[in-house]
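Working notes, structure below.
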There are 2 protein chains.
Amino acid sequence: MTTGLAQAELIAVLAAVTGDAPRVMTVAAGEALPSGPFTSSHRSLQAGLRDWIESQTGHPVGFLEQLYTFADRDRGPDRGSDRGDAGAEADLRRISISYLGLVREQAAPGAGRPEWHGWYEYLPWEDHRAGLPPGWQPMVTALNLWAGEDAGRQQRVAYAFGLQGQAWNEDLVLSRYELLYEAGLVEESGGLSGAGRAMQGDHRRILATGIARLRAKIKYRPVAFELMPESFTFLQLQRLVEALIGLRLHKSNFRRQIDQQELIEETGETTAESRGRPAMLFRYRPAVLEARALAGTRLPVTRG
Amino acid sequence: MTTGLAQAELIAVLAAVTGDAPRVMTVAAGEALPSGPFTSSHRSLQAGLRDWIESQTGHPVGFLEQLYTFADRDRGPDRGSDRGDAGAEADLRRISISYLGLVREQAAPGAGRPEWHGWYEYLPWEDHRAGLPPGWQPMVTALNLWAGEDAGRQQRVAYAFGLQGQAWNEDLVLSRYELLYEAGLVEESGGLSGAGRAMQGDHRRILATGIARLRAKIKYRPVAFELMPESFTFLQLQRLVEALIGLRLHKSNFRRQIDQQELIEETGETTAESRGRPAMLFRYRPAVLEARALAGTRLPVTRG
DNA sequence: ATATATATGCTCAATGTGAGTATATTGATA
DNA sequence: TATCAATATACTCACATTGAGCATATATAT
């Protein structure tokens with residue numbers, strides 16, 4: 001009872017982008033994230049997961065980062081209350097350690113026949129590239145109905161979904177999923193279908209955690225390049241970032257920002273894929289990565 | 001062998017600030033971070049840890065956030081190699097889930113007689129408030145010696161410690177500890193004493209992880225108030241932030257920044273603690289917290 | 001009264017950001 | 001072949017933010 005014994009499991013949010021569609025690797029016909037027991041034959045958490053992913057996808061994982069560790073009856077960061085989906089009453093807890101991984105392509109499925117599905121099948125309210133996503137109005141109406149006269153709920157909804165003068169904040173992926181969960185508007189919490197495709201257990205919450213992390217990270221670390229091919233045009237890079245954050249970017253300002261960070265350099269070649277003027281091809285400069293990352297201090301320190 | 005059974009343990013980095021000294025709660029005469037098994041009597045990871053901390057410190061924990069989950073033979077985010085400190089060859093892995101918690105004061109020790117020690121006893125190279133910290137020159141010399149002709153090592157050292165024209169980045173706490181570890185300059189990796197006080201196992205690495213998280217977080221979330229008393233002066237707030245990040249701040253620019261975020265409001269009273277003009281007292285405005293946090297987008301989205 | 005110490009407010013140059021416009025270079029088409 | 005449509009790249013400009021320092025206000029100590 002007090003031994004602290006638990007069953008350990010690894011869960012991966014594996015992301016890739018094809019064209020302008022961000023994708024996630026799934027199993028069980030798109031209903032679950034890939035996962036497996038953490039066995040003692042693995043050298044480490046990272047190494048165990050890396051081996052497993054590479055055997056499944058046939059591609060190396062460039063970027064792999066721990067997301068969050070959940071325990072039974074404690075799914076989701078700031079939840080004190082039980083959700084009742086814990087299962088049997090054994091004195092064995094299950095501990096799930098989730099990871100975010102980025103892979104460059106998603107061809108060559110391995111033994112497990114993984115499937116790639118678009119993020120926004122599961123979280124359609126997160127894609128604002130073409131204006132308000134489908135199903136937006138009914139969802140907002142239902143959220144407001146749930147909030148009722150409760151000022152706290154009203155504020156949380158307005159903040160998370162960018163209503164009532166608040167700006168849309170693309171990073172709040174997890175907050176939004178949790179609000180929808182709490183409001184009973186997703187299947188996982190007993191809601192009717194409609195608000196995106198459901199997943200087993202809390203896998204959709206873990207997907208939301210991964211997307212939130214990636215959207216936050218892309219602002220101060222050049223993770224986008226982990227998803228890009230060797231050489232690429234400016235527009236391809238822009239489309240990829242837009243796919244991840246679910247928003248359109250200002251073209252020339254995006255170019256300027258990338259330019260002045262000196263993250264990329266011309267290859268010398270051009271593409272003639274498109275109709276108009278051919279675009280220059282660029283490659284990533286990894287040497288600069290370590291040197292410039294995390295430049296944003298935001299605190300008024302005294303210099304000199 | 002492949003069951004995924006493991007022993008689960010919770011480890012806490014509990015921080016408080018008294019005056020201008022940031023502190024961490026320790027056990028074992030200041031040689032270890034508080035930890036304990038995660039038992040099935042706990043409702044959840046968060047709740048279990050929260051209960052335990054409050055019984056130990058006698059104070060409620062305002063802020064509690066998961067840091068990182070380690071497994072035996074995998075201590076530290078990006079390490080593939082074993083460190084050989086794993087212990088017995090049982091097929092039971094130990095999994096340590098670490099948390100960062102912030103408490104407002106550190107009086108009233110509970111049953112376990114915890115001790116509070118200054119952060120910078122353990123990581124003296126992190127405190128740059130009074131210029132270069134003691135032991136800086138010998139440490140840099142030893143690092144350069146370790147780097148030798150290896151350009152990669154040289155670059156990592158220069159970047160992490162702000163040498164050769166690079167600016168000091170207070171967030172890179174973990175990178176610095178890991179470099180010192182790798183270079184054999186801390187006791188935990190066989191180095192002689194001198195570079196700060198050691199801790200058991202990898203507790204000092206976990207402390208570094210917690211400080212790094214806090215220093216990064218303070219830039220975009222008002223976590224400082226979790227450590228402040230009810231009412232405070234501007235200078236007290238500044239001193240606290242300075243203690244956390246280990247740097248001096250520009251007085252009026254700091255005031256301006258806090259001002260325009262509308263995070264605090266006057267209480268109407270003043271203090272006459274000091275010699276000169278009495279300072280106005282302020283209180284934190286928690287209502288605004290949710291509404292304004294995470295304003296920094298950093299990506300050039302198209303508006304309208 | 002005067003010096004000293006701290007608090008609070010103001011200015012200004014430099015830099016960064018949001019938004020839009022202008023020019024260049026291609027393929028398609030009349 | 002002249003023109004159009006489409007895309008790429010470059011430039012401008014107002015405005016906000018930031019880094020740095022100076023000025024003023026109000027207390028205590030002598």
Side-chain angles (χ1 to χ4, degrees), chain A residues 19-20 167-170 219-220 231-242 245 247-283 292 294-304, chain B residues 19-20 167-170 218-220 231-242 245 247-282 292 294-304:
Chain A
D20 59 356
W168 169 261
N169 184 338
E170 72 278 6
K219 273 133 204 160
Y220 61 95
S231 72
F232 48 84
T233 69
F234 249 118
L235 189 60
Q236 282 177 303
L237 180 60
Q238 181 180 341
R239 291 286 177 253
L240 184 130
V241 175
E242 287 174 340
I245 65 169
L247 285 173
R248 295 241 89 100
L249 297 178
H250 189 286
K251 197 167 184 170
S252 48
N253 289 347
F254 178 73
R255 294 177 70 96
R256 179 176 59 190
Q257 193 185 78
I258 302 291
D259 256 342
Q260 68 195 15
Q261 292 181 355
E262 298 187 304
L263 284 171
I264 63 180
E265 63 190 2
E266 297 184 26
T267 66
E269 294 167 49
T270 56
T271 36
E273 295 274 313
S274 61
R275 172 96 175 279
R277 174 173 170 177
M280 289 193 283
L281 282 170
F282 293 85
R283 77 169 69 88
R292 67 131 251 114
L294 267 177
T297 294
R298 300 291 122 206
L299 277 181
V301 296
T302 49
R303 317 252 182 229
Chain B
D20 59 356
W168 169 261
N169 184 339
E170 72 278 6
I218 206 171
K219 274 135 204 159
Y220 61 95
S231 73
F232 48 85
T233 69
F234 248 118
L235 189 60
Q236 282 177 304
L237 180 60
Q238 181 181 340
R239 291 287 177 251
L240 184 131
V241 175
E242 287 174 339
I245 65 170
L247 286 173
R248 296 240 88 100
L249 298 177
H250 188 286
K251 197 165 184 172
S252 48
N253 289 348
F254 178 73
R255 296 176 68 95
R256 178 175 60 189
Q257 193 186 77
I258 302 291
D259 256 343
Q260 69 194 14
Q261 292 181 356
E262 297 187 305
L263 285 172
I264 63 178
E265 62 190 2
E266 296 183 28
T267 66
E269 292 167 50
T270 57
T271 36
E273 295 275 312
S274 61
R275 173 97 175 277
R277 174 174 169 175
M280 290 193 283
L281 282 170
F282 292 84
R292 68 129 252 116
L294 266 177
T297 293
R298 300 292 122 203
L299 278 179
V301 297
T302 50
R303 317 252 183 227

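- Heavy-atom neighbours of A/Glu269 CD from other residues, nucleotides or ligands within 6.0 Å: at or below the threshold of 12.
- Between the NE2 atom of A/His250 and the P atom of C/dG16 there is a distance of 18 Å, rounded to whole Å.
- Rounded to whole Å, atom P of D/dT7 lies 18 Å from atom CZ of A/Phe254.
- For A/Gln257 and C/dG16, the shortest distance from a side-chain N or O to OP1 or OP2 is not below 4.0 Å.
- Take B/Arg256 and apply the side-chain hydrogen bond (donor to acceptor under 3.5 Å, both in side chains) test, not counting sequence neighbours, and it matches B/Asn253.
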Tell me, with the steps shown, if B/Arg239 and B/Arg248 meet side-chain contact (heavy atoms from CB on, under 4.5 Å).
CA-CA 8 Å; B/Arg239 291 287 177 251; B/Arg248 296 240 88 100; 3.2 Å; yes

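- Considering only heavy atoms from C-beta on, A/Leu299 stays 4.5 Å or farther from B/Leu247 through its side chain.
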I'd like to know whether A/Phe254 forms a side-chain contact (heavy atoms from CB on, under 4.5 Å) with A/Val241, so could you lay out the CA-CA distance, the side-chain angles of the two residues, the decisive distance to 0.1 Å, and finally the verdict.
CA-CA 10 Å; A/Phe254 178 73; A/Val241 175; 4.1 Å; yes

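- Dashed line: the shortest gap from a side-chain N or O of B/Gln260 to OP1 or OP2 of D/dT17 is not under 4.0 Å.
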Contact letters for nucleotides 1-11 of chain C, in which S counts primed atoms plus P, OP1 and OP2 and B counts the base, heavy atoms under 4.0 Å
----BBBBBBB

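- In this structure, B/Leu247 atom CG and D/dG19 atom C1' are separated by 15 Å, rounded to whole Å.
- The separation between B/Leu249 atom CG and D/dG19 atom P is 11 Å, rounded to whole Å.
- When B/His250, B/Lys251, B/Glu242 are each tested for a side chain to side chain contact (heavy atoms under 4.5 Å, CB included) with A/Thr302, only one passes: B/His250.
- As a whole-Å value, the separation of A/Phe232 CZ from D/dA8 P is 14 Å.
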